[in-house]
Enquirer: 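So that we are looking at the same thing, I have put the structure below in structure tokens.
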Protein chains: 2
Amino acid sequence: MNLRDLKYLVAVADRQHFGLAAEHCFVSQPTLSGQIKKLEQELGVCLFERSRHSVVTTAAGEAIVAQARRVLEQADALQQLARSHHDPLLGPLRMGVIPTLSPYLLPLILQPLRKQYPQIKLVPSEEMTNTLILRLGRHEIDAALLATPVEEREYESIPLFDEPFWLVHPRRHPLSEKQTITQADLDCADLLLLTEGHCLAEQVMKICHIHERRAQGELADLRATSLETLLQMVAAGFGSTLLPALAVETVSAHKRGLAMRELQLPDTFRRISLVYRHSFPRHQVLEAFAQLLQANLPATVRVLHGHSSVQVVAGMTSKEKPRQTRTRHISNPDRQDRRG
Amino acid sequence: MNLRDLKYLVAVADRQHFGLAAEHCFVSQPTLSGQIKKLEQELGVCLFERSRHSVVTTAAGEAIVAQARRVLEQADALQQLARSHHDPLLGPLRMGVIPTLSPYLLPLILQPLRKQYPQIKLVPSEEMTNTLILRLGRHEIDAALLATPVEEREYESIPLFDEPFWLVHPRRHPLSEKQTITQADLDCADLLLLTEGHCLAEQVMKICHIHERRAQGELADLRATSLETLLQMVAAGFGSTLLPALAVETVSAHKRGLAMRELQLPDTFRRISLVYRHSFPRHQVLEAFAQLLQANLPATVRVLHGHSSVQVVAGMTSKEKPRQTRTRHISNPDRQDRRG
DNA sequence: GCCACTTGATAGGACATACCTATCAACATT
DNA sequence: AATGTTGATAGGTATGTCCTATCAAGTGGC
């Protein structure tokens, strides 16, 4: 049995005429006759009573034609459904974001996203890197915004931007005296960290050579569960810390008693990438998302353009101009304007 | 799009594995891969996310697979429906019967029919010959029990039985004196007739040469609308009439004051046939019906066997023995036992 | 680290099926 | 009788589906 045959069937039933039905189906009359005959044999039921000058649907035929209509109706619904999924931007985009990025990045893009790509339904989830990668592998999320490179060849990345680290300490603190911060200052700073599992904690430890120092038992075991808590601990005078630039944006206004400045040392930034399964079929939505995200970043971060697979997506308005020339793979960052 | 492809689709979706799905569909894995790929291109939607070691249905795929299940479900219902129509005996058999036969024949066969062929749903309608032929042509009925041969090649007939005519007149009537009835007796009888349109009226007029007599204005215009009325008119002394044998069966018991005898003259019977469109596809139900009807007739009629297309239908119990040797095309009937 | 085994994709050829044109047989109309 | 209509049939072609053989990439055991 075949959907085509069923179409032929209802065409004949509607017209009680093989020739007209054939015309309607854009096939020749013998073709249609043959297919109807085949269908009748297959079903074991005579569907039409043919006489020389008329065709009449049999009683059994009436019932079967009615059912055939139901089949075709559902098949039609399937095609409409498929058509509604034609737009790769459409549908949910389940996006994992690390906790040290999510609360500072999402507010920047939610509104522009809804404005420019209303069909993208962003479903964010905030978890730590390891969890996100696990969930990515389990197809529970479609992509993740991570600050660490992913090695597995199963995954691919679109580098989005480099986010400098800022040194944060109480106003009344020895570091306030320093005109410029050096690596030596970092190496001996009284650093406060996030709990284990946060990639930010790892990165800060690496930048400040904390692994070596910890071996000497120098560092307190005091760990914060969020950047918010961390800042409060700094404000309370427990020590200093490094903060990613986007987090600085939001806290600078109302956190008093804190001194913050961007680190100008080499490799004192983290690279934020959009990571996804190599096999994820809706590249376009990721590319659109990445492009929109980059277009709505503040100047405190360094946007990375030039990812080969990023292209203007069909139907996308291209009114946003490139804000920056290529600054790819910069490990010795230029100075930049900054706010706050 | 094809129902086969949809089967492949749900097979893969159910197993998340091309090889197993192919096995389930009794095709090779490359075949299945190719068809799924074709389907994806046709629908313009990626249905499965394939990686080296796993297959996962995409979000769009989930929706489309669910719809595909609905299509297949309806298609399956169609096949079941067709299967339920496999038995050609099944379903309604819309049978037209002429009024001078219906009330006397149907009681004889309804119970045996229900007992032997419970799947046949007989839908009788009682109308005059012309109307029945019209309705037959309009496919409003499937067959008709008529007493007149039908000439059009569009229709075919199964001759069922010859029904003798009986002469009916009041006990106190000149004809009561006669030992035997001759053609001359008929030619001058004071005959009462059914209204125009009844084939019986035509036949009686022909047998009794009433057309010639009417030209002379001899006959009263008094016409009965039914055999029941006709008998009452005879009982009331308005005249005599001819009655078909099956009608005699039922009235003989309670109609008093009437004398009835079977005519022994040539051609004083009518031939009852089952008439149907040549193109009617369910021959079997007609043959089964004809055979059952013949098996349940009283001895007052002469059953006509030997119709070439009458055969024992599959599933039919053959416990009824032939009650009579062939008496086909007898125009000079043998004497027969008779009741009443 | 090597080798057997698994996965789905690809290539090329065999076969089945659906399609076409041309034609027929039966009937209706002119 | 001639013409036009109906659906069915015949024979050839093109498309589509299927197979086997093979590949590429990855997994797991030893």
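Here is how names work: the chains are called A, B, and so on, in the same order as the sequence lines, proteins then strands, and each is numbered from 1.
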Enquirer: Between CG of Asp142(B) and CZ of Arg135(B), what distance do you get to the nearest 0.5 Å?
Expert: 10.5 Å
Enquirer: Measure from CD on Gln41(A) to C1' on dT9(D) and round the result to the nearest Å.
Expert: 14 Å
Enquirer: What do you reckon, is NZ of Lys7(A) surrounded by more than 12 foreign heavy atoms closer than 6.0 Å?
Expert: no
Enquirer: I'd like to know if the side chain of Gln294(A) and the backbone of Leu160(A) have a donor-acceptor N/O pair within less than 3.5 Å.
Expert: yes
Enquirer: For Tyr8(B), report the nucleic acid contact type (base, sugar-phosphate, nothing); a contact means any heavy atom under 4.0 Å.
Expert: sugar-phosphate
Enquirer: Of all heavy-atom pairs between Leu90(B) and Ser84(B), which one has the smallest distance, and what is that distance?
Expert: CD2-O, 2.8 Å
Enquirer: Return the value, rounded to whole Å, for the distance between atom NE2 of His17(B) and atom C1' of dT27(D).
Expert: 13 Å
Enquirer: How close do Ala147(B) and Ile272(B) get, heavy atom to heavy atom, and via which atoms?
Expert: CB-CD1, 3.7 Å
Enquirer: Looking only at the side chains, is there a donor atom on one of Gln80(B) and Arg83(B) sitting less than 3.5 Å from an acceptor on the other?
Expert: no
Enquirer: Quick one: which of dA11(C), dG7(D), dT17(D) gets closest to the side chain of Pro30(B)?
Expert: dA11(C)
Enquirer: Nearest-Å distance, CD (Glu42(B)) to P (dT17(D))?
Expert: 9 Å
Enquirer: Which nucleotide, dC20(C), dG7(D), dC19(D), lies nearest any side-chain atom of Thr31(A)?
Expert: dC20(C)
Enquirer: Picking from dC19(C), dT20(D), dA9(C), which would you name as closest to the side chain of Ser28(B)?
Expert: dT20(D)
Enquirer: Each nucleotide in nucleotides 25-30 of chain C should get exactly one letter: B, S or -. Can you fill that in based on protein heavy atoms under 4.0 Å?
Expert: -SS---
Enquirer: Return no unless some side-chain N or O of Lys37(A) is found under 4.0 Å from OP1 or OP2 of dT9(D).
Expert: yes
Enquirer: Between the base of dA18(C) and the side chain of Gln35(A), is there any donor-acceptor pair under 3.5 Å?
Expert: no
Enquirer: Measure CG/Leu39(A) against P/dT17(C) and give the value in whole Å, please.
Expert: 15 Å
Enquirer: What's the CG-P distance between Leu32(A) and dG7(D), to the nearest Å?
Expert: 10 Å
Enquirer: Toward the 5' end of DNA chain C, which comes first, Val27(A) or Val55(B), by nearest nucleotide?
Expert: Val55(B)
Enquirer: Output the distance between atom CD1 (Ile141(A)) and atom CG (Leu134(A)), rounded to the nearest 0.5 Å.
Expert: 9.5 Å
Enquirer: Rounding to a whole Å, what distance do you find between Asn2(B):CG and dG16(D):C1'?
Expert: 10 Å
Enquirer: Nearest whole angstrom, please: distance from the C1' of dA9(C) to the CD1 of Ile36(B).
Expert: 14 Å
Enquirer: CD/Glu127(A) to OG/Ser102(A) distance, rounded to the nearest 0.5 angstrom?
Expert: 10.5 Å
Enquirer: Choosing from dC19(C), dG7(D), dA18(C), which nucleotide comes nearest the side chain of Lys38(A)?
Expert: dA18(C)
Enquirer: Should Arg50(A) be listed as having a side-chain N or O under 4.0 Å from OP1 or OP2 of dT6(D)?
Expert: no
Enquirer: Indicate whether OP1 or OP2 belonging to dA8(D) is found under 4.0 Å from a side-chain N or O atom of Ser33(A).
Expert: yes
Enquirer: Would you say the side-chain atoms of Arg270(A) and Thr100(A) include a donor-acceptor pair closer than 3.5 Å?
Expert: yes
Enquirer: Working to the nearest 0.5 angstrom, can you tell me the gap between Asn130(B) CG and Leu146(B) CG?
Expert: 9.5 Å
Enquirer: Under the side-chain contact (heavy atoms from CB on, under 4.5 Å) rule, what do Leu304(B) and Arg271(B) come out as? Steps first, then yes or no, please.
Expert: CA-CA 9 Å; Leu304(B) 300 165; Arg271(B) 174 157 293 180; 3.3 Å; yes
Enquirer: Just checking His278(B): does its NE2 atom have more than 12 heavy atoms from other residues, nucleotides or ligands closer to it than 6.0 angstrom?
Expert: no
Enquirer: Expressed in angstrom and rounded to an integer, what is the separation of Gln29(A) atom CD from dA22(C) atom P?
Expert: 14 Å
Enquirer: Any chance the side chains of Glu49(B) and Thr58(B) put a donor and an acceptor closer than 3.5 Å?
Expert: no
Enquirer: Among residues 18-26 of chain A, which ones have heavy-atom contacts with DNA chain C below 4.0 Å?
Expert: Phe26(A)
Enquirer: Given dC18(D), dG8(C), dC19(C), identify the nucleotide with an atom nearest to the side chain of Arg4(B).
Expert: dC18(D)
Enquirer: Output the residues of residues 133-142 of chain B in contact with DNA chain C, where contact means a heavy atom of the residue under 4.0 Å from an atom of the strand; sort by number or write none.
Expert: none
